[in-house]
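Predicted, not measured: the structure shown is a model, and the values here were computed from it. Below, all heavy atoms of this structure are taken into account, side chains as well, without hydrogens, waters or symmetry copies.
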Amino acid sequence: MTGAPGRGRGVEEWWFRFVGSGVLRRLEDIAGKAAGERGPLAEEAALLVAAWRALLRMHEQAPGGRCALCRRARSPGAVCSVWQVAIAYFVRRLPGEEGGSG
C-alpha cells in the first residue's frame, strides 16, 4: 500500500484497510504472546484471538463499503458495530490505559 488516495470512496476503503490491518496486527501480537506463555490462560487467549479473527473475516467490507454480513444501510465509509468494537479495544487507547495499543 502506497499512501492514502484522493477523496471519495478510495479514502474510505484505504482507511478501512489501514485500521483493519492495525486490528489484525494487534491480534497477531496477542496470539504470539499467548503462544510464548505456558498455562491455561495461554490456550484461552489463543482461542479468543481465533474467534475474533473469524468474526472479523465474517464482517469484512463488501464492495461498496458496507459490511458483508450486516448489510444495514450506513453512511459510506462507516464500519459495522463488530469492527467498531475491535477498533476500540485493539487499536485505540481505552480510558485508564497508560500507552496506546498496537
For a quick test of reading the model, state the closest non-hydrogen atom pair linking Ala46 to Ala34 and the distance between them.
N-CB, 4.1 Å
Taking all non-hydrogen atoms of both residues into account, name the closest pair between Gly22 and Val91 and its distance.
C-CG2, 3.7 Å
Single-linkage hydrophobic cluster, 4.5 Å side-chain cutoff, Phe90 and Leu48 together
no
Exam field: side chain Trp83 to backbone Gly20, donor-acceptor pair closer than 3.5 Å
no
According to a hydrophobic-cluster definition based on side-chain heavy atoms being under 4.5 Å apart (Ile, Leu, Val, Met, Phe, Trp, Tyr only), do Leu47 and Val49 belong together?
no
What are the two closest non-hydrogen atoms of His59 and Cys67, and how far apart are they?
ND1-SG, 3.2 Å
How many angstroms lie between atom CH2 of Trp52 and atom CD1 of Ile30, to the nearest 0.5 angstrom?
10.5 Å
With Arg57, which residues qualify under side-chain hydrogen bond (donor to acceptor under 3.5 Å, both in side chains), at least two apart?
none
Between the CD1 atom in Ile87 and the CG atom in Leu56, the distance rounded to the nearest 0.5 Å is 9.0 Å
Closest contact, heavy atoms only, Gln84 versus Val79
NE2-O, 2.8 Å
